[in-house]
Novice: 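Handing you a structure now.
None of these values were measured; they are calculated from a predicted model.
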Amino acid sequence: MKSTLTPPRLGHGHRIPKVVLREIRSVATRAQALFGGDPGAEVADDFAAAHEFLAEVAKRVGDLAASGHAGAALDLFIEVSEVRERVRQAQLDVRVSVHAQVQEALTRLQDARSVARLAERVPEAVCQLGFDRALFSEIRESVWVPQSCAVVGDPGWAAEILRIGRAASPVLDRTVVETEAVRRRRALLVTDAQRETRGLACLVEAARLESYVVAPVTGDDGVLGLVHADRHVQGRQVDEFDREVLGTFAQGLGIAFRRTVLVERLQSLRTEVGQFTMNIANAMDRILSTGHREAPIIGDPVVPPPGPVPTRSFVESALTPRQLEVLHLMGDGKTNAGIATRLTISEDTAKSHVKQILRKLGAANRAEAVSLFLRTQQQGRGTPEPA
């Protein structure tokens with residue numbers, strides 16, 4: 001009596017390419033004819049099940065050959081061996097492709113200029129990696145706070161998941177599996193959320209989770225958030241490779257958050273410096289327009305040398321004679337190349353002089369430096385003409 005061979009059920013993780021799946025189904029048809037089984041049974045379209053099925057067929061073929069029926073088993077054995085190799089190559093191709101997609105997704109996130117904008121875009125980026133639902137949440141003093149969510153084809157459901165999660169905002173204590181992900185700082189795979197008593201109850205209920213992966217996002221001060229993802233819309237379970245993919249993405253995302261925080265700080269500093277420079281310019285305008293009383297002399301006064309005392313402006317005092325020449329040419333509208341030609345110096349030297357002038361005068365650009373120079377001239381303290 002023939003023993004039956006039933007292909008496993010559908011389907012976990014990434015799908016097998018259709019051309020390879022057809023070859024697996026061809027093997028299944030021949031194996032069912034040889035060993036028995038339901039000819040109409042569906043062959044699983046995920047890699048783990050395919051490897052398991054083909055390994056079982058290979059074992060049955062080997063047993064049949066050992067029992068003296070090598071002729072009937074030889075052709076099938078060769079076909080199974082070839083298909084197993086193509087499945088392994090297809091799986092490798094998928095891994096390479098998905099990891100490239102991770103890099104592309106992280107690269108697209110680099111143009112986010114604020115932490116809030118970056119957090120908003122995370123779920124969309126995760127859904128580009130083969131998942132169809134994704135949730136990004138922050139951890140604030142051990143409290144889980146959902147920030148953004150995406151459900152492919154159903155934005156209303158995404159909004160509902162966020163609403164329920166924010167209303168609950170549970171504490172991540174030792175009773176929930178997310179705490180383990182935070183503690184171990186690695187992505188975890190939950191295979192049966194409906195039976196896993198340690199899941200976040202509000203999330204499991206709102207999203208009707210079955211299996212999912214969760215990965216911690218690490219910042220400079222520890223774990224700053226979590227990313228959840230699954231394949232609910234596709235009707236598929238997540239697998240170990242999905243855990244690996246989300247874990248890799250979350251590591252890169254942590255770097256993206258640290259970079260964005262630094263960009264925000266630099267932008268804030270730039271704004272403060274610009275405001276400070278503007279305040280100095282305004283103060284100088286007031287001093288030059290209204291004058292000011294001389295400060296009282298403390299101690300012995302400095303006796304100036306005999307003869308007229310030249311009057312020097314702030315600009316003249318701050319710059320060298322050569323830099324004053326360069327500034328005067330800047331006021332005439334000369335470019336770095338024009339300044340270099342006029343003063344018989346290299347363009348790099350001219351550019352260096354301009355940078356030094358801007359630094360010494362606290363000017364943000366050439367226009368501001370020239371404006372300051374012209375204001376001092378209008379007050380009767382112009383610089384001498386260049387030689």
Side-chain angles (χ1 to χ4, degrees), residues 102 106 109 112 114-127 129 131-151 157-232 237-240 242-261:
V102 170
L106 292 170
L109 290 176
S114 68
V115 171
R117 179 58 179 154
L118 178 57
E120 179 183 340
R121 293 173 57 183
V122 169
E124 176 187 345
V126 173
C127 287
L129 308 179
F131 303 101
D132 49 43
R133 298 195 304 178
L135 173 70
F136 173 71
S137 56
E138 292 183 1
I139 300 176
R140 302 175 185 171
E141 297 182 354
S142 299
V143 176
W144 181 73
V145 184
Q147 293 299 308
S148 53
C149 183
V151 177
W157 194 4
E160 181 67 7
I161 292 173
L162 274 180
R163 185 190 66 79
I164 294 175
R166 288 170 176 171
S169 294
V171 175
L172 295 184
D173 56 27
R174 66 181 62 184
T175 65
V176 296
V177 70
E178 280 73 11
T179 301
E180 183 179 354
V182 172
R183 180 180 61 82
R184 298 172 63 183
R185 298 197 178 188
R186 63 182 300 245
L188 298 180
L189 169 64
V190 178
T191 57
D192 192 348
Q194 295 298 320
R195 295 184 180 181
E196 173 59 73
T197 58
R198 297 186 304 148
L200 287 169
C202 61
L203 178 59
V204 172
E205 179 180 355
R208 298 197 290 276
L209 291 176
E210 295 180 9
S211 70
Y212 67 91
V213 284
V214 55
V217 181
T218 305
D220 290 330
D221 300 322
V223 176
L224 59 88
L226 293 170
V227 181
H228 288 78
D230 70 0
R231 295 173 175 272
H232 181 88
Q237 305 291 313
V238 289
D239 61 8
E240 189 63 28
D242 288 323
R243 184 196 67 79
E244 176 186 327
V245 169
L246 192 66
T248 301
F249 174 82
Q251 289 179 356
L253 183 60
I255 296 173
F257 267 106
R258 292 194 287 273
R259 174 187 174 278
T260 306
V261 168

Novice: Restricting to non-hydrogen atoms, name the atom on L172 and the atom on T179 that form the minimum distance, rounded to 0.1 Å.
Specialist: C-OG1, 3.2 Å
Novice: Looking at every heavy atom in both W144 and G165, which two are closest together, and how far apart are they?
Specialist: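 Heavy atoms of W144 and G165 come nearest at CZ3-CA, 4.0 Å.
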Novice: Judged by atom type as modelled, is there a donor-acceptor pair below 3.5 Å linking the side chain of S148 to the main-chain atoms of A119?
Specialist: yes
Novice: Tell me if the CD atom of E205 is crowded by more than 12 foreign heavy atoms within 6.0 Å.
Specialist: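 No, the 6.0 Å shell around CD holds no more than 12 heavy atoms from other groups.
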Novice: Could you pull out all residues at least two apart from R195 that satisfy salt bridge (Lys or Arg N to Asp or Glu O under 4.0 Å)?
Specialist: D192
Novice: Taking S211 for its side chain and V238 for its backbone only, find out whether a donor-acceptor pair lies under 3.5 Å.
Specialist: yes
Novice: For F131, check ring pair (Phe, Tyr, Trp, His ring centres under 6.0 Å) against everything at least two apart and list the hits.
Specialist: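 Ring pair (Phe, Tyr, Trp, His ring centres under 6.0 Å) check on F131 returns nothing, list empty.
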Novice: Are D230 and E210 packed together at the side-chain level, in the sense that at least one heavy-atom pair is separated by less than 4.5 angstrom?
Specialist: no
Novice: Do R243 and R186 have side chains that approach each other closer than 4.5 Å (heavy atoms only, starting at C-beta)?
Specialist: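 Of all side-chain heavy-atom pairs linking R186 with R243, at least one is under 4.5 Å.
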Novice: How long is the gap from CG on L118 to CZ on R259, to the nearest 0.5 Å?
Specialist: 9.5 Å
Novice: Nearest heavy-atom pair of T260 and S114: which atoms, and what distance?
Specialist: CG2-C, 3.4 Å
Novice: Does E244, at its CD atom, have more than 12 non-hydrogen atoms belonging to other residues, nucleotides or ligands within less than 6.0 Å?
Specialist: yes
Novice: About how many Å separate CG of L189 and CG of D242, when rounded to the nearest 0.5 Å?
Specialist: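 One finds 8.0 Å between CG of D242 and CG of L189.
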Novice: Does the side chain of R258 reach to within under 4.5 Å of the side chain of I255, using non-hydrogen atoms?
Specialist: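 A side-chain contact exists here, since the closest heavy-atom pair is under 4.5 Å.
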Novice: Table please: side-chain donor-acceptor pairs of residues 212-227 below 3.5 Å, with sequence neighbours left out.
Specialist:
unit_1	atom_1	unit_2	atom_2	d
Y212	OH	E178	OE2	3.1

Novice: Hey, does the side chain of W157 reach the backbone of A207 with a donor-acceptor pair shorter than 3.5 angstrom?
Specialist: no
Novice: Measuring from atom CD of Q237 to atom OG1 of T191, what distance do you get when rounded to the nearest 0.5 angstrom?
Specialist: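 With rounding to 0.5 Å, CD (Q237) is 8.5 Å from OG1 (T191).
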Novice: Determine whether I161 and P146 make a side-chain contact, defined as any pair of heavy atoms from C-beta on separated by less than 4.5 Å.
Specialist: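 Not in contact.
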Novice: Restricting to non-hydrogen atoms, name the atom on V204 and the atom on Q194 that form the minimum distance, rounded to 0.1 Å.
Specialist: CG1-NE2, 3.8 Å
Novice: Find out whether V171 and V176 are in side-chain contact, i.e. whether some heavy atom of one side chain is under 4.5 Å from a heavy atom of the other.
Specialist: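 Not touching, per the 4.5 Å side-chain cut-off.
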Novice: How long is the straight-line distance from CG of L246 back to CG of L129, given to the nearest 0.5 Å?
Specialist: 8.0 Å
Novice: Please say which of H232, R231, H228 ends up in a side chain to side chain contact (heavy atoms under 4.5 Å, CB included) with R133.
Specialist: H232
